[in-house]
Amino acid sequence: MSLPAEIDTFADYLAAHENKSLLRFLTCGSVDDGKSTLIGRLLFDTKLLFEDQLATLSNDSRKHGTVGEDLDFALLVDGLAAEREQGITIDVAYRFFATDKRKFIVADTPGHEQYTRNMATGASNSDLAVILVDARQGILTQTRRHSFIVSLLGIRHVVLAVNKIDLVDFSQEVFDQIVADYVEFARDLGFETFVPVPLSARFGDNMLERSERTPWYTGPTLVEHLENVPVADDALARPFRMPVQWVNRPNLDFRGFSGTVVSGSVRPGDPIVVAGSGRTSTVKSIVTQDGLLTKADAGEAVTITLDDEVDISRGDIIAAAGARPEVADQFAAHLIWMHDDHLLPGRSYLIKIGTRTVSASVTEIKHKVDVNSFQKLAAKQLGLNEVGVVNFATQHAVAFDPFAQVPQTGAFIVIDRMSNLTVGAGMIDFGLRRATNVHWQALEVDKASRAAMKFQKPVVLWFTGLSGAGKSTVANIVEKKLQALTRHTYMLDGDNVRHGLNKDLGFTEADRVENIRRVIEVSKLFVDAGIIVLTSFISPFRAERRQARDSFEDGEFVEIFVDTPLAVAEERDPKGLYKRAREGLIKNFTGIDSPYEPPEHAEIHLQAGTATPEEMAEEIVSYLTANGYLE
Amino acid sequence: MSADRMTHLRRLEAESIFIIREVAAEFKKPVMLYSIGKDSAVMLHLAMKAFYPSKPPFPLMHIDTTWKFRQMIEFRNEMAKKLGFELIVHTNQEGVAQGINPFDHGSSFYTNVMKTEALKEALTLHGFDAAFGGARRDEEKSRAKERIFSFRTETHAWDPKNQRPELWNLYNTRVKPGESIRVFPLSNWTELDIWQYILAEDIPIVPLYFAAKRPVVWRDGQMIMVDDDRIPLHPGETPEERLVRFRTLGCYPLTAAIDSDADTLEAIVREMLIARTSERAGRLIDHDEAASMEKKKREGYF
């Protein structure tokens, strides 16, 4: 980096520096293909390392290095203590360098399969992928997996870096074969540019400078290509979309909607629609602290005001009136699963799409994809790092675009409700027709009118507890007491549900989830009919009970924990089930080889070890009276 | 490619504004950690932009170790007043009572008590569920690995081996009571970006960044400014007046000055472009032990 002496030219130099474009890319590939070394070499060759960093590197190379006396460039990027000790990359690291033409943000992603989610994290914000292959190894499973995920996440530019070419004597034959193998399997991955480069990250061949040791190679060096590859984001060419982040209301005279334009552009006077409500208006002004804008393009963070008083809140999408996003409560999507706990159809998760977070569940796993052969396989659940095509149903209709058309409004993450962890990443393929076509009839005969006729507030009394805890015994007494008070009730329990509605279900985790889902749906219909419903199921998982609770309106769901110690329940063993479970004759038996997750906030917590069933039933009826369920 | 395509700096600015707005919209009680340095100055500037014409809907908080440069404290009070921010200043009073200082207790212990513990104490005291920090990924290797929305347990600990995936700009902001998220809107900025942006936007910064004659003494090969009379001088030692400036600001006994005649922003950026030493070299606390930043961060340091 040379500096001009004159301050005028320095100003020019600065201006040029400020106006550089930015390329975000990731390096990926299998373990030991040399990803971290490649980035270390880039930093070293582009003179982005400071003297003290070099001194530290030299120290570390002696301590942890894997390349003898030489500088181990991988140590520049592997920043976590655990990584340095184990000599592997666990999480994505971001590095920054610049050449005269461009600035670069590199995501160095891990190669181990178990850390695929971290690789996907790095890929999701990249414009280009440098996929490394060890020339000695050729294409490995991870090469395919990473290529597939990179393609799924929408990356359209790929460099195939055939590394360690020095270790195969700079052989053109080896290089050509690897490239041919790669092209063969990547044909359908939809990459717009594909450039294979033979290189040695350790020695710098074809990194910055063309190597004399590969005279047969006529293409660009890695850096030449990174500097020149056109990755023009076509976001500008797409229709205008702005998910609303924050309603800007400093005083009564100003009401603006703050957000980032994610695609297209917008000008004052443009007609817009609020996706979802379908309300239309016209853009009045585009406000920033630096003044009003005459136009805002994709990528800009602005605040928009409208001509009309339109009801808009966080989570809504302001869109071009002439090119509206889809609105539906069911859609098909590609999903990458990122957690040890499997994705279970029917279980309630949260999804965040744009700036909106809604409850959602997978209604069907259509198939999963084998990352090696890209074949479709039948699946009942998705495990860690698996990719599937699934149908989602959301609690409320959401606005979106297919990911292929507008990635920013077609991507979503899946969050586990209990742990709050991000457990999946999804890309919407299309909305499902039936969702757009089903319209709820507004009936004059409704829940309220049905309940009013019965002089009661419909409610679900959700009994949960171990097998043999006494749920059904107590529920039966409660139902009798309510009938004596001339209330309309119905009881759902294993006996009347398992034999009919749910007789196709077994006791695997997936089947238990489905069992509960159906019970919830039936309960909902009864509640809609104005009935007091008593459900008596072990329902051992918090997530399912949470889902049940969320399916009802406030006050319609009363969770009753029949808290009997396992030893007591097992001692009672009314149906002889514990005995058989202990003998291994019944699998997945709650309390024995399947967990029971006790409620944390049950409305009623019955200490079933000390109270009689009659006393407990009375406690429940008192609760219902005190809370106005029995007028 | 369109002619008015956004430049590098505009992309970074927009990304940061998006992050800051997302926090304001999704958290119950966010706070912006204000360290008074150049990165904090940029972060503050971006927060003002993010909510204009409203004011940012969160307070600023400064963890005052009582050993900051005097000019930093003056600047802090001025900025909060000028921009209309509520300013929370927190000091670990127990540490003060015990007389914990960087000279007698070593930088590692001192930093832990007066910065890390103080910060954790303040976050718990106010019940903040999100805290903005001005850290950048180019500063240090463990920072390079950290998410933009970085989860902290109830004890404010960071688990670097088990970070939440972070895809696109869909930040997972969900926490249980007591847990929190540290948010780093400047994650993708480099030191040079920061300076260029300060230059382009004319952002006010503490005068210590500009070269001036200042009294310094030498400690372990580094120049330490004599900001007040609490620094123990060796017998016969007299501070030397020298033309110096600071690339990074913190507690004065732990922040080394560099020889420089850069007394304008242009000159600073120019100096940056030929710099051969990274800015953290001027922070004495990083050299204490290998992987020291990661260790501190796991314990709750920013």
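Chain naming here is simple, since letters A, B, ... match the order of the sequence lines and numbering starts at 1 in each. As the structure is a computational prediction, the values presented were derived from the model and not from experiment.
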To the nearest 0.5 Å, tell me how far D193(B) CG sits from F96(A) CZ. 8.0 Å
Given the rule in the side-chain contact (heavy atoms from CB on, under 4.5 Å) test, do T355(A) and E22(B) qualify, once you have shown the distances and angles that lead to the verdict? CA-CA 8 Å; T355(A) 54; E22(B) 203 64 5; 4.0 Å; yes
Below 4.0 angstrom, N of the basic side chain to O of the carboxylate: do K176(B) and E600(A) qualify? no
Checking side chain to side chain contact (heavy atoms under 4.5 Å, CB included) between N172(B) and each of L350(A), T357(A), I413(A), V414(A), which is the one that passes? I413(A)
Counting only non-hydrogen atoms closer than 4.5 Å, does S187(B) touch chain A with its backbone (N, CA, C, O), its side chain (CB onward), both, or neither? backbone
Checking side-chain contact (heavy atoms from CB on, under 4.5 Å) for the pair T422(A)/L170(B): CA distance, chi angles, key distance, verdict? CA-CA 10 Å; T422(A) 305; L170(B) 299 174; over 6 Å; no
Using atom types as modelled and distance alone, determine if a side-chain donor or acceptor of R21(B) lies under 3.5 Å from a backbone N or O of G259(A). yes
Which atoms form the tightest heavy-atom contact between F412(A) and W168(B), and what is the distance? O-CZ3, 3.7 Å
Heavy-atom distance under 4.5 Å to chain B: side chain of M119(A), backbone, both or neither? neither
Part of V302(A) within contact of chain B (heavy atom distance under 4.5 Å): backbone
If I compare all heavy atoms of G299(A) with all of A14(B), which pair ends up nearest, and what's the gap? O-CB, 3.0 Å
Are side-chain heavy atoms of R137(B) and I105(A) found at a separation under 4.5 Å? no
At a heavy-atom separation under 4.5 Å, does R249(A) approach chain B through its side chain, its backbone, both, or neither? backbone
So do the side chains of Q408(A) and N169(B) get within less than 4.5 Å of each other, counting heavy atoms only? no
Quick one: do D290(A) and Y52(B) satisfy side-chain contact (heavy atoms from CB on, under 4.5 Å)? Show the steps, please. CA-CA 9 Å; D290(A) 302 315; Y52(B) 178 86; over 6 Å; no
Between E201(B), E26(B), E146(B), E179(B), which shows the greatest number of heavy-atom pairs under 4.5 Å with chain A? E26(B)
Between the CD1 atom in I148(B) and the OH atom in Y94(A), the distance rounded to the nearest 0.5 Å is 7.0 Å
In this structure, NZ of K103(A) is separated from CG of L192(B) (nearest 0.5 Å) by 4.5 Å
Check: N248(A) side chain, F51(B) main-chain N or O, donor-acceptor pair, under 3.5 Å: yes
To the closest 0.5 Å, what do you measure between CG (L22(A)) and CZ (R10(B))? 14.0 Å
Using modelled atom types and a 3.5 Å cut-off, is there a donor and acceptor pairing between side-chain atoms of Q245(A) and backbone atoms of A25(B)? no
Top residue by heavy-atom pair count (under 4.5 Å) with chain B, among R117(A), R314(A), M338(A)? R314(A)
Atom pair NZ/OG1 of K352(A) and T173(B) - distance to nearest 0.5 Å: 5.0 Å
Does atom CG of D220(B) have more than 12 heavy-atom neighbours from other groups under 6.0 Å away? no
Set out, in order, the CA-CA distance, both residues' side-chain angles and the distance that settles side-chain contact (heavy atoms from CB on, under 4.5 Å) for R147(B) and N118(A), then state yes or no. CA-CA 10 Å; R147(B) 299 282 186 261; N118(A) 295 334; 2.9 Å; yes
Spacing of L421(A) atom CG and N162(B) atom CG [to the nearest 0.5 Å]: 7.5 Å
So does E166(B) get a backbone contact from the side chain of T121(A), meaning a donor-acceptor N/O pair under 3.5 Å? yes
D91(A) and side-chain hydrogen bond (donor to acceptor under 3.5 Å, both in side chains): which single residue from K161(B), Q163(B), K145(B) fits? Q163(B)
K49(B) side chain vs T288(A) backbone, donor-acceptor pair below 3.5 Å: no
